[in-house]
Trainee: 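My questions all concern the structure below.
Chain letters run A, B, ... following the sequence lines, proteins first and then strands; every chain starts at 1.
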Amino acid sequence: MKSILASAAVLALSASAALAQDVIRMGTEGAYPPYNFINDAGELDGFEIELGNELCERAELNCEWVSNEWDSIIPNLVSSNYDTIMAGMSITDERDEVIDFTQDYYPPTESAYVALSEDADFEAGVVAAQAATIQAGHVAESEAALLEYANPEETVAAVRNGEADAVFADYDFLKPIVDASGGELMFVGDPVPLGGGIGMGLRESDDELQTTFDEAITSMKEDGTLNEMLVKWFGDEIGQY
Amino acid sequence: MSCWETIADYGLRSLGIGERLLPRSDFTLCQQVTLIGSGMIWNIYFGTLALASGFLLATAVALGKAARNPWLRKPSEWFIFVFRGSPLFIQFFFAYFAFLSLKSAYPFFDPFTAAWLGATIVLFLNTAAYSGEIFHGAVLSVPKGDMEAADAYGFHGWSKFRRITWPTMLRLAWPAYTNEAIFLFHATALVFFSGFPARQQKGDALYYASYFADKTFNPFVPYPILAGYFILLTLTVIGLFGLANRRLNRHLPQTRRARLRIRPILVR
Amino acid sequence: MLGSCSDPAALDGLAWLACYLTTGKHMAFYGAFGTVLLLLAITAPAALAFGFGGAVLARSQIAPLSWLGKGYIAIVRGVPDIAFFLFFVIALDQAFEFLRHKALCPGWNQPIWQGNDFVVCNEAKLPLSSAPQWVHESYGFGLAVLTFAIVFGAFAANVLFGAMRAVPHAQIETAEAYGMTPRQTFRRILVPQMWVYALPGLSNLWMVLIKATPLLFLLGVEDIVYWARELGGTKTPQFTDYPHGDWRMWYFLALLVFYLAFTRVSEIALARLMTRLTHGQATVAGEAQRKAAA
């Protein structure tokens, strides 16, 4: 499932022959603001797109973006339809058995519950989550009844229209939605630390590419550009490196 | 854990009976076969219920479409056109949104956003429209001689319909109706795929197949298992409808008996 | 985009709507309707070709060939199309790359399946990783077309198989009496005569094909359903100039209207085609035409 949506390919400036010829295809979902989404112009945009382009520039790689449904994002990576995943994917043990991750470019995340009122029963009520995410796994193990939707948008809609008592998702995905709701939606309960930060997913056989991107991420962490980007997309409260 | 224990734990998981948590690591083939099979309960439930209830409405719609009175004919024509003319996939999406807005206005609609009721209603209306069209075609091709003979014997009104028109119509429509049944069962795979959310990880066969595809990151095991189950289901449907076909045709001389040939006359 | 759309927040009513409906994202949505039509235009003849092949195989005198044809028809028809769509594209893609790998890289010494990874040499990749983006897109689209063609080919094969048997036996016997070889009979009599019997089944299949296109997004093609979901979802002001609530209902209503209109037009066109094909045929409808003309 290779698909569309080329966003600007980053031009490789170097003549590092072998690598410059090859295009590194970067897979993302395009439905998870502010990490990655499709902007008004119909192009991929977001924190990970900006970060990925910068990483490719530092690593002197020629990169091209591809969007893919979340459900099949890992099978398509391992069958070589693209070479990396940057889609707000938390580093977990199960995923790590199948693919490799770079070091995290986004600090370990907290997930949070959002509901329509303070006294919503998020512990034993109905909780919506996106299918096949670590959040869905967490809710399935809790006392609450899990209600699964195919995309993150629908999980929030489920709370709005009363299908679910609360939605459980990544804090930084929920925050802009709560801010924009004008008091309709609110965070309830304490945030839950889940997952080991967000990293770039790669095939296990692609050690060389993993090292390259690891170095690029390290250099961005060292000179503070990664922190600037995090603040730009997620606001001042975001954890920094 | 032996395979028998797995079956005991997960055989009825799709109904919420047995182990509460789905397997999360060390997936075995047995677990996949058991859970996907457990999900088939829902496919059979949706298919059977929609088929049985749709049958009655389909007969009414077919007669409505054949009626001379425009107040009966026009609504039947539109009903058939809307449900046959649009993809079931979009009907599911649309029904879910529609039920949501109805629900916020009238508490009566509370259970309609759950798949067990909401999706059944969509499938019921859908199959009624498709079968209605099949029956309509069959009503038109009931031999004129049969009707004249019925008149000569003094049949009229309800008893003429019940004893003559309706059985003949069924007999003529049966091969196409068998196809419709097969495709209805296939269509049940779309329930949890579009619109209706799965609750407490209780879903149909496709839901569990995609659960395993996601957890094992390997689509090549669960989907073929799913395909195998559906082939079995299809064969069962063909077998059962074949028996009914024999009964419908039992009065005919041996040589004229229409053998049930499965042709895709009306599919989705 | 219209020039006055630079500050959508200041607009209201129709002006806002006009700007909203002409964003680049909406243009992609409108373009997706073209994608769907293009897919139908290519898939229909491709599926017919698969169907013809399947029907000929199923009729074959040689038992293994006949089993192959019948098996193809039975298996594909026994399984919901959605189950095929979920893994077929990756499977086809891997199969092609595997074959190319065997042909192009005989000296490759690493395993192709490294744990979970499916790795072939660079020359065998489809399309080559250095290929421009449009090649990747066309390849993805091509795989989608092939998957559709294989699935619907099985249904078409079943229809054509029935239609070939429906051609009156007297016509075949007449052809034989004129001294035609079996091959000539097949080409000159059977195939031209079968269409009138196949058309009702094929028109149904066409309708089914139209209504299966919303599943296109499963095959990785960004189709109208993908865009309707994307555009209709609630938008917060941080990421768009056009924030709005949950409008998916309206977008799906638009899709519903599109499909209804499209099937209606198809129905009318197919009815005309049937009238033309029936002309001069030895069927009830053909006889009725003859009487009306006389």
Trainee: Given heavy-atom pairs under 4.5 angstrom as the criterion, report whether the side chain, backbone, both or neither of B:Y207 touches chain A.
Mentor: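 For B:Y207, the contact with chain A is made by the side chain alone.
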Trainee: Give, as side chain, backbone, both or neither, the part of A:A132 having an atom under 4.5 angstrom from any heavy atom of chain B.
Mentor: both
Trainee: I need the residue from B:D214, B:D110, B:T216 with the largest number of non-hydrogen atom pairs under 4.5 Å to chain A.
Mentor: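 Among B:D214, B:D110, B:T216, the one with the most close pairs to chain A is B:D214.
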Trainee: What part of A:E97 lies closer than 4.5 angstrom to a heavy atom of chain B: side chain, backbone, both or neither?
Mentor: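 When you check distances to chain B, no heavy atom of A:E97 falls under 4.5 Å.
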Trainee: In this structure, is the centre-to-centre distance between the rings of B:F93 and B:F89 below 6.0 Å?
Mentor: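 B:F89 vs B:F93: aromatic centres under 6.0 Å.
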Trainee: Among A:T155, A:L194, A:V167, A:V127, find the one that has a side chain to side chain contact (heavy atoms under 4.5 Å, CB included) with A:Q135.
Mentor: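 By the side chain to side chain contact (heavy atoms under 4.5 Å, CB included) criterion, A:Q135 pairs with just one of A:T155, A:L194, A:V167, A:V127: A:L194.
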Trainee: So, do B:F230 and B:F185 have ring centers that fall under 6.0 Å from each other?
Mentor: no
Trainee: Throw together a table of side-chain donor-acceptor distances under 3.5 angstrom for residues 195-203 of chain A, partners on residues two or more places apart or in other chains.
Mentor:
unit_1 : atom_1 : unit_2 : atom_2 : d
A:R203 : NH1    : A:L77  : O      : 2.9
A:R203 : NH1    : A:Y82  : O      : 2.9
A:R203 : NH2    : A:D83  : OD1    : 2.9
A:R203 : NH2    : A:D206 : OD2    : 3.2

Trainee: Under 4.5 Å from any heavy atom of chain B, what part of A:V126 do you find: side chain, backbone, both or neither?
Mentor: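 The answer is the side chain of A:V126.
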Trainee: Mind listing the side-chain donor-acceptor pairs of residues 97-104 of chain B below 3.5 Å, one per line with the distance, residues two or more places apart or on another chain?
Mentor:
unit_1 : atom_1 : unit_2 : atom_2 : d
B:S101 : OG     : B:F97  : O      : 2.9
B:S101 : OG     : B:A98  : O      : 3.2
B:K103 : NZ     : A:E163 : OE2    : 2.4
B:K103 : NZ     : B:T113 : OG1    : 3.1
B:S104 : OG     : B:S101 : O      : 2.8

